[in-house]
Amino acid sequence: MQQPFKHLIQAAFIAATLFTGTAALAAETSISVPVTELKFFDTGVGPLKAAVGFGDLTKGAHSTYVKLPAGFVSPLHTHTEDYYGVVITGVVANEVDAQAKDRPLPPGSYWFQKGKINHVTKCISSNECVVFITQPGKFDYVNAQK
């Protein structure tokens with residue numbers, strides 16, 4: 001594995017621990033998961049795929065890897081819960097105004113998305129994007145009201 005990617009994975013796990021406090025400490029044993037062993041599955045949200053960092057995104061507090069295909073642009077949407085995102089690969093943009101100029105978030109960048117606030121998430125690079133998100137509650141995806 002390339003060294004920068006390895007360090008970004010480590011940074012994502014550290015971020016998850018900082019952002020979720022005791023939730024990350026609740027595991028009964030220490031674990032290590034090489035990136036080659038991540039098992040991505042369909043999220044049911046368009047082409048997005050996810051892999052478990054910890055927890056279960058359908059039930060409660062979690063940290064999850066999410067793959068966005070190159071060129072992906074979400075519709076304007078919200079999530080009930082706040083979340084933190086760390087860019088692992090690719091270049092992401094996350095803006096609350098669908099018409100706003102993209103602020104590129106390259107690998108190592110992070111953003112905070114307030115729950116119940118409309119936003120658009122994009123993979124603006126020519127290669128797929130992988131992000132690591134952490135939420136205190138379950139994941140949902142609600143299309144914005146027009």
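For the single chain, residues carry numbers from 1 onward in sequence order. Please read all numbers here as calculations on a predicted model, not as lab measurements.
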(request) Report the C-alpha separation of Glu95 and Asp97 in whole Å, then their side-chain angles, then the decisive distance to 0.1 Å, and conclude whether the side-chain contact (heavy atoms from CB on, under 4.5 Å) test is met. (result) CA-CA 5 Å; Glu95 301 296 340; Asp97 180 349; 5.5 Å; no
What is the minimum heavy-atom distance between [X] and [Y], and which atoms define it?
X	Y	value
Ser125	Cys129	OG-SG, 3.5 Å
Gly90	Pro107	O-CD, 3.2 Å
Tyr110	Leu105	O-CD2, 4.5 Å
Asp102	Lys122	OD1-NZ, 2.9 Å
Tyr141	Pro75	OH-CD, 3.0 Å
Cys123	Ala70	SG-CA, 3.9 Å

Any link between [X] and [Y] through a network of hydrophobic side chains (Ile, Leu, Val, Met, Phe, Trp, Tyr) touching at under 4.5 Å?
X	Y	value
Val33	Val35	yes
Val91	Leu48	no
Val120	Ile117	no
Ile124	Ile88	no
Val45	Val92	yes

(message) Students often mix this up, so state it plainly: with edges at 30° and 60°, are the rings of Phe139 and His79 parallel, tilted or perpendicular?
(response)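 Phe139 vs His79 ring planes: tilted.
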(request) Please list, chain by chain and in numerical order, all residues satisfying side-chain hydrogen bond (donor to acceptor under 3.5 Å, both in side chains) with Thr78, sequence neighbours excluded. (result)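 With neighbours one apart ignored, the set is empty.
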(request) List in chain and number order the residues that pass side-chain hydrogen bond (donor to acceptor under 3.5 Å, both in side chains) with Glu81, two or more places apart in sequence or in another chain; answer none if no residue qualifies. (result)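 Partners of Glu81 under the side-chain hydrogen bond (donor to acceptor under 3.5 Å, both in side chains) test: none.
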(message) Can you tell me which residue among Asn94, Thr121, Val86, Leu68 is in a side chain to side chain contact (heavy atoms under 4.5 Å, CB included) with Val131?
(response)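 Of the listed options, the one satisfying the test is Leu68.
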(message) With side chain to side chain donor-acceptor pair (under 3.5 Å) as the rule and sequence neighbours excluded, what pairs involving residues 35-47 come up?
(response)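 The answer is Asp42-Lys49.
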Without swapping roles, check the side chain of [X] against the backbone of [Y] for a donor-acceptor pair under 3.5 Å.
X	Y	answer
Asn118	Leu76	no
Ser109	Val87	no
His77	His119	yes
Thr89	Val130	yes

(request) Evaluate the criterion side-chain contact (heavy atoms from CB on, under 4.5 Å) for residue pair Phe112 and Lys114; output intermediate values, then yes/no. (result) CA-CA 6 Å; Phe112 168 74; Lys114 184 74 179 151; 4.1 Å; yes
(request) Could you please spell out the steps behind the side-chain contact (heavy atoms from CB on, under 4.5 Å) verdict for Tyr65 and Leu38? (result) CA-CA 9 Å; Tyr65 293 90; Leu38 293 175; 3.8 Å; yes
(message) With rounding to the nearest 0.5 angstrom, report the CD to CG distance, Gln135 to Leu57.
(response)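 One finds 8.0 Å between CD of Gln135 and CG of Leu57.
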(request) Output the distance between atom CZ (Phe132) and atom OH (Tyr83), rounded to the nearest 0.5 Å. (result)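 If we round to the nearest 0.5 Å, Phe132:CZ and Tyr83:OH are 14.0 Å apart.
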(request) Kindly indicate, with the supporting measurements, whether the criterion side-chain contact (heavy atoms from CB on, under 4.5 Å) is fulfilled by Lys138 and Thr58. (result) CA-CA 5 Å; Lys138 72 179 186 174; Thr58 67; 5.9 Å; no
(request) Would you mind reporting whether Thr80 and Lys116 have side-chain heavy atoms less than 4.5 Å apart? (result)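 Answer yes - side chains close enough.
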